[in-house]
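What follows is a single structure, written as structure tokens, with notes after it.
As the structure is a computational prediction, the values presented were derived from the model and not from experiment.
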Amino acid sequence: MKGKTIGFGITGSYCTFATILPQISKLVKDNTVIPIFSASVANTDTRFYSAADFFQDVMRLTGRAPITSIVDAEPIGPSKILDVMVIAPCTGNSLAKLANSITDTPVLMAAKAHIRNDRPLVLGVSTNDALSGSAKNIGALLNYRNVFFIPMAQDDPAKKTRSVVADFSKTFDACEAALRGKQLQPVLCLGS
């Protein structure tokens, strides 16, 4: 996968941010990566990252300031600039909104604008309720045309029995497969 323009949407599963930065770095080696932040990512300081530090780290990796408004995300569709879009991490909240066509964040507007062009959207799930409340949304999205998933697994089956996190190390491979119209297998792994 070379010479592609990749949208990289980031939503608020803050504990995964350190894990996704190396994936952005891998994607940007031979491609253009356009970062897109949800409002919570752009504005929330957490024990994992300050919003300003994370913004700077992503901008340093991609050479671009992240898109942080719905208005700036909307032109992604009409301009057809993305070959593939990733949302990683993709929270349970974002999964629910995607499954129900709600576009009230920059990341979700970018996704809606992008998939209208019949181009692939790759989701990297990270949610504590994937095997409960979010299960129906994951199931719905698995059936959507041009929506693909980074392989995922329970991250702590003993203590967080319903929690699932994507194997973010497979982000590049999942994008490459999605560009060929294929879901990287297995979708559900035995453990991460």
[X] and [Y]: which non-hydrogen atoms are nearest, and at how many Å?
X    : Y    : answer
M59  : P66  : CB-CD, 4.5 Å
D45  : A52  : OD1-N, 4.4 Å
V41  : G12  : CG2-N, 3.7 Å
V122 : A174 : CG1-CB, 4.0 Å
S126 : F168 : CB-CZ, 4.4 Å
A110 : A73  : N-CB, 3.9 Å

Would a hydrophobic clustering, with Ile, Leu, Val, Met, Phe, Trp and Tyr connected at side-chain separations under 4.5 Å, put [X] with [Y]?
X    : Y    : answer
L121 : I81  : yes
I76  : L108 : yes
L184 : F148 : no
I102 : V125 : no
I115 : M109 : no

Just verifying a value: how many Å separate [X] [atom1] and [Y] [atom2], rounded to the nearest 0.5 Å?
X   : Y    : atom1 : atom2 : result
K26 : I24  : NZ    : CD1   : 13.5 Å
F55 : S50  : CZ    : OG    : 12.0 Å
D83 : H114 : CG    : NE2   : 8.0 Å
I34 : D72  : CD1   : CG    : 12.0 Å
T62 : I6   : OG1   : CD1   : 11.5 Å
Q23 : K170 : CD    : NZ    : 10.5 Å

Checklist entry - After noting the C-alpha distance and the side-chain angles of V107 and M85, does the key distance pass the side-chain contact (heavy atoms from CB on, under 4.5 Å) rule? => result CA-CA 10 Å; V107 172; M85 181 173 170; 4.2 Å; yes
Item to check | Stepwise side-chain contact (heavy atoms from CB on, under 4.5 Å) test for T5 and N31 | outcome: CA-CA 6 Å; T5 301; N31 304 284; over 6 Å; no
Decide yes or no for [X] and [Y]: does some side-chain heavy atom of the first lie under 4.5 Å from some side-chain heavy atom of the second?
X    : Y   : answer
D57  : Y49 : yes
K2   : K29 : no
L27  : M1  : yes
D104 : K97 : yes
L179 : K4  : yes

Checklist entry - Do S38 and S40 have side-chain N/O donor and acceptor atoms under 3.5 Å apart? => result yes
Checklist entry - Going by atom types alone, do T19 and T16 pair a side-chain donor with an acceptor below 3.5 Å? => result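 Side-chain D/A pair, T19 to T16: absent.
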Checklist entry - More than 12 non-hydrogen atoms from neighbouring residues, nucleotides or ligands closer than 6.0 Å to NZ on K112, yes or no? => result no
Report yes or no: does [X] contribute a side-chain atom to a donor-acceptor pair with the main-chain N or O of [Y] at less than 3.5 Å?
X    : Y    : value
R119 : K80  : yes
S79  : P75  : yes
Q183 : F149 : yes
N137 : A99  : no

Checklist entry - Can the ring centroids of F37 and F54 be said to lie less than 6.0 angstrom from one another? => result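 Yes.
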Item to check | Check against side-chain contact (heavy atoms from CB on, under 4.5 Å), C175 and V86 | outcome: CA-CA 8 Å; C175 289; V86 179; 3.2 Å; yes
Checklist entry - Passes side-chain contact (heavy atoms from CB on, under 4.5 Å), F8 versus I20? Steps please. => result CA-CA 10 Å; F8 204 103; I20 63 165; 4.2 Å; yes
For [X], run the side-chain contact (heavy atoms from CB on, under 4.5 Å) check against [options] and tell me which one passes.
X    : options             : value
T11  : T91, T105, I36, N93 : T91
M152 : I138, D167, L123    : I138
I87  : L95, I10, L98, I150 : L98

